[in-house]
Amino acid sequence: MRQILDAINNGATGGQLASIKLPTTYKAAVLEKNDAEMFAGVASRDKDPRKSLKLREVPVPDLAPDEAVIAVMASSINFNTVWSSIFEPVSTFGSLTRLAKESAWAKRHDLPYHVVGSDGSGVVLRVGTAVRNWKPGDRVTIHCNHVDDQDPSAHDDSMLGANQRIWGYETNFGGLAEICVVKANQLMPKPAHLSWEEAAVNALCNSTSYRMLVSQNGANMKQGDVVLIWGATGGIGAYAVQYVLNGGGIPVGVVSSADKARILKEMGCEAVIDRSKAGYKFWNDDDSHNEVEWRRFGGDIRALVGEDPDIVFEHPGRSTFGASMYVAKKGGTVVTCAATSGYMMEFDNRYFWMRLKRLVGSHFANYREAYAANRLIAKGMIDPVLSRTFALDQVGEAAYQVHRNMHEGKIGVLCLAQTEGEGVTDHELRTKVGEARLRRFRRGCSPKSTTWQSQSAT
């Protein structure tokens, strides 16, 4: 890998990179199939990604005609990496087994280890014989929609594809590694004004927020819409705030601390609710809903912006869902993409059907949506929300911090990149955007994890 890294850092041409022989193995963050029951009987909160994620040397897979091999400079932690690492709601090895039944090429994914990671930025090293738009040397970011075009279900909206999967979660060879293998239709141009780690944290969360709010497949937000955003400084919420502000909407951000409220104010979100200060109790001790608290929450929103939300940007799930369905205005929309606090939802249907509200399920983004969202990043109109950066051998600690909600924004991971700040080629745009904006969420680098396991795989 050293020869490849030196070539990239020295500005090697695509032809020069293509002439370098690929290594036979690479380092990757993996889960082992034999560990799938290691947390049996342990409460979700107490399951520790530092015990399940391991750094291993794994073989470079063969390249299919529609794929590319990427030298991964940086990646990031998403909640799906946490779910994979604690084997919830189910082990992802079942997904790999099902994928393997689709084709001879798909069989490569069914292995006793799973290379995880659903984000990445890097450099193209090889392309398959069917790849048209990309070549060795291209600097890219990677979105995680893994789908082919041989099923008619994928041709209106590829997220509806019968075999749609999330790369690095429901497939193997993910981005938390020195090398990854992706379909060519996962590639997008790397924003030139961003470093490798800044470019790596956007694709999954930024694209998800774009589809939820901007796309006609989501809430189709219009100017003047009041949008309630849960976790408004989190991995997807911070992008949502930017889209609402850019689109002429009125964001109401909900956060869990005074420090996060300060960040929101710096982003230009004037209506902020600190739920830790407000002390909402949406659930009674007997596990029933507390409508009085729903009403208090709705009153606090109206006190800030004068009306109920047109759109509620939902992703915490069980803890907030009943309140979200209640506070959305008559004819309003609740759009949801996740359930980090629990996925068994409950709400009072009377406030849903009698007030003619809409509930929209949203899952990642199709290629067009992801490309459009990446374009806005590349133009400096949407900023990365990177807060901390870890090294590849600290992935367990990084995933643990996301699992325990010890972070704001996104956590980045340096893979082949040696230090933060590498990879910027458009310094003029970076100066125009400004370091203050780009570093708004930055909280520094964490100490090295002492619980990491390094092994070899054959």
Side-chain angles (χ1 to χ4, degrees), residues 205-206 208-209 212-214 219 221-282 290 292-317 319-329 332-338 340-341 381-388 405-410 434 436-443:
C205 287
N206 180 49
T208 297
S209 295
M212 289 178 73
L213 289 176
V214 181
M221 183 188 69
K222 62 183 184 299
Q223 292 189 25
D225 278 348
V226 174
V227 184
L228 177 71
I229 303 167
W230 290 102
T233 59
I236 63 171
Y239 292 107
V241 170
Q242 294 183 73
Y243 280 116
V244 176
L245 290 170
N246 277 6
I250 303 166
V252 180
V254 185
V255 291
S256 59
S257 70
D259 185 51
K260 293 178 179 181
R262 176 189 56 77
I263 293 173
L264 266 188
K265 293 283 189 178
E266 292 175 357
M267 294 177 68
C269 179
E270 298 179 1
V272 179
I273 294 176
D274 181 350
R275 60 182 175 85
S276 64
K277 183 178 180 180
Y280 302 117
K281 188 178 180 182
F282 297 141
N290 189 336
V292 172
E293 288 292 89
W294 293 351
R295 293 179 185 276
R296 181 164 74 94
F297 180 48
D300 289 345
I301 296 169
R302 288 189 294 275
L304 288 169
V305 295
E307 55 188 299
D308 295 325
D310 298 276
I311 300 168
V312 179
F313 186 91
E314 240 293 340
H315 54 96
S319 65
T320 60
F321 200 79
S324 294
M325 293 295 286
Y326 177 83
V327 299
K329 71 170 45 173
T333 299
V334 175
V335 58
T336 179
C337 72
T340 54
S341 68
M381 298 173 68
I382 298 290
D383 300 325
V385 296
L386 175 68
S387 61
R388 309 189 81 164
N405 196 29
M406 299 164 65
H407 70 301
E408 293 95 28
K410 291 296 299 292
R437 270 177 51 186
L438 293 172
R439 301 185 66 86
R440 186 154 40 203
F441 283 77
R442 203 66 63 91
R443 292 294 180 270

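Values below: every heavy atom of this structure, side chains too, minus hydrogens, waters and symmetry copies.
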Okay, side chain of R296, backbone of A278: is any donor-acceptor separation there less than 3.5 Å? yes
Any sub-3.5 Å donor-acceptor pair from D310's side-chain atoms to V226's backbone N or O? yes
Quick one: pull up CD in E314 and OG1 in T320 and give me the separation to the nearest 0.5 Å. 3.5 Å
Hey, is CD on E266 packed in by over 12 heavy atoms from elsewhere, all under 6.0 Å? yes
Indicate the ring-plane relationship of F313 and H315, choosing parallel, tilted or perpendicular according to the 30° and 60° boundaries. perpendicular
S276 backbone acceptor or donor facing S256 side chain under 3.5 Å: no
How far does CD1 of I311 sit from CD1 of I250, to the nearest 0.5 angstrom? 11.0 Å
Search all heavy atoms of M267 against all heavy atoms of F441 and return the closest pair with its distance. SD-CZ, 3.6 Å
Just verifying a value: how many Å separate D300 CG and D274 CG, rounded to the nearest 0.5 Å? 11.5 Å
Side-chain H-bond candidate by donor/acceptor type, N290 with Y280, under 3.5 Å: no
F297 and V254: side chain to side chain contact (heavy atoms under 4.5 Å, CB included), yes or no, with the steps? CA-CA 11 Å; F297 180 48; V254 185; 4.3 Å; yes
Gap between atom CG of L245 and atom CE of M381 - 0.5 Å precision: 12.5 Å
